[in-house]
Amino acid sequence: MSLPATDRGYMARALRLAAQGLNTTTPNPRVGCVLAKDGAIVGEGWHARAGEPHAEVLALRNAGEAARGATAYVTLEPCAHHGRTPPCVDALVAAGVVRVVAAMRDPNPLVAGEGFARLKQAGVEVESGLLEVEAHKLNIGFVSRMTRGRPWIRLKVAASLDGGTALSNGKSQWITGPEARRHAHAWRARSCAIMTGSGTVLDDDPSLTVREVPCTRQPRRVIIDGRLQTPPHAKVLEGDGALVFASDAGRLPNAEVVAMPAGAGRVDLVGVVAELGRRGINELMVEGGVRLNGALLKAGLVDELLIYQAPLLLGNHARGMFDMPDLTDLAQATPLHIVERRGLGPDIFLRARLG
């Protein structure tokens with residue numbers, strides 16, 4: 001069905017509204033809604049945090065009586081179930097909205113078409129698929145968790161031009177410049193959790209917090225620590241909420257330790273990401289060392305690479321990006337699809353997809 005140009009414009013506005021919740025809506029999806037009637041916007045809203053009103057409810061409040069007879073442009077299928085808030089479909093019907101245009105169907109099994117069905121039963125005209133690609137990108141982690149049971153995983157690496165991520169003694173601060181670090185912190189801010197390994201904790205003592213960009217919510221910190229080597233005074237344990245995956249049960253201050261054994265003192269990474277999915281983690285950013293990076297790649301768990309390369313040469317004794325098996329043929333190489341490249345001060349940023 002061919003849609004009027006105004007529909008595209010209203011949906012684009014709804015997507016811009018949804019993006020305002022980029023760093024705050026976890027574990028909920030980012031959703032925006034625009035109400036339009038007679039060629040004008042009469043109400044709009046966006047979801048900010050779990051437990052707070054959904055985008056449709058805020059748009060209806062903003063519109064008041066003007067919502068009657070309006071079209072609702074929403075970036076995700078309106079919910080039809082009672083969660084922390086009542087179903088949005090009931091609010092839309094009660095307000096007298098006559099048409100709903102959604103960018104995409106909700107992958108949540110609790111909704112998954114039920115919202116559309118309820119609206120149609122109430123006599124509301126329903127259309128979907130407008131700017132669906134853009135809506136999917138905005139909620140790529142939520143879609144991953146709902147359809148695969150695990151978060152969308154981004155692996156971030158800061159390296160020299162010859163692929164070194166640290167000196168042989170483990171020192172790595174700072175390879176890249178301030179522009180690249182601010183850019184990486186923006187990726188941290190939108191992530192539900194940041195994961196590293198115990199080796200990085202011992203070498204760098206990172207805090208894994210968002211500091212370089214404004215942020216009202218700190219991502220959860222996750223540590224892969226098979227032998228529970230994380231020092232009790234480590235910065236990553238400051239404050240509450242750290243989640244440590246080990247091969248055996250144990251205790252650390254300000255942290256929850258979860259046993260996820262894979263034998264020989266190692267951690268079951270497939271089990272880890274499944275557990276993170278069960279805990280509502282949509283987007284996971286990994287800032288680990290060569291071993292954790294390689295293990296995640298070998299397990300097929302990396303969706304996207306965020307590579308920051310500085311104009312430096314660290315030599316062949318430096319630590320590399322990934323601990324991976326030796327290849328005997330170029331056909332065995334891991335193919336990547338570059339989706340973004342840009343300069344950040346003196347550094348180069350590459351974003352690449354796997355698979």
Measure up the Tyr73 and Tyr10 rings against each other and bin them: parallel (under 30°), tilted (30 to 60°), perpendicular (over 60°).
-> tilted
For the side chain of Asn282 and the backbone of Pro27, is there at least one donor-acceptor N/O pair under 3.5 Å apart?
-> yes
Non-neighbouring partners of Arg145 that pass salt bridge (charged side-chain N to carboxylate O under 4.0 Å, His left out), sequence neighbours left out = none
Taking a hydrophobic cluster as the set of Ile, Leu, Val, Met, Phe, Trp and Tyr residues connected by side-chain heavy atoms closer than 4.5 Å, whether directly or through intermediates, do Ile281 and Leu155 fall within one such cluster?
-> yes
Check whether Ile348 and Leu312 end up in the same hydrophobic cluster, where Ile, Leu, Val, Met, Phe, Trp and Tyr are linked by side-chain heavy atoms less than 4.5 Å apart.
-> no
Do you reckon Val339 sits in the same ILVMFWY cluster as Leu305, going by side-chain contacts under 4.5 Å, direct or chained?
-> no
Test item: Arg30 side-chain N/O and Leu22 main-chain N/O as donor-acceptor pair under 3.5 Å = yes
Considering only NZ, NE, NH1 and NH2 on the basic side and carboxylate oxygens on the acidic side, decide whether Arg278 and Glu275 come within less than 4.0 Å.
-> yes
Do Met321 and Val290 come close enough that some side-chain heavy atom pair is under 4.5 Å?
-> no
Heavy-atom closest pair (Thr147 atom, Pro107 atom, distance to 0.1 Å) is CG2-CB, 4.0 Å
Evaluation steps, salt bridge (Lys or Arg N to Asp or Glu O under 4.0 Å), between Arg342 and Asp347 | CA-CA 9 Å; Arg342 61 184 296 186; Asp347 304 319; over 6 Å; no
Can you spot which of Arg351, Arg154, Arg150 makes a salt bridge (charged side-chain N to carboxylate O under 4.0 Å, His left out) with Asp303?
-> Arg150
Residue pair Ala103 / Ala135: nearest heavy atoms and the distance that separates them | CB-CB, 3.5 Å
How are the rings of His54 and His47 set relative to one another: parallel (under 30°), tilted (30 to 60°) or perpendicular (over 60°)?
-> perpendicular
Measure from NZ or CZ of Arg181 to the centre of the six-membered ring of Trp174 and say whether it is under 6.0 Å with the direction within 45° of the ring axis.
-> yes
Of all heavy-atom pairs between Glu212 and His185, which one has the smallest distance, and what is that distance?
-> N-ND1, 3.3 Å
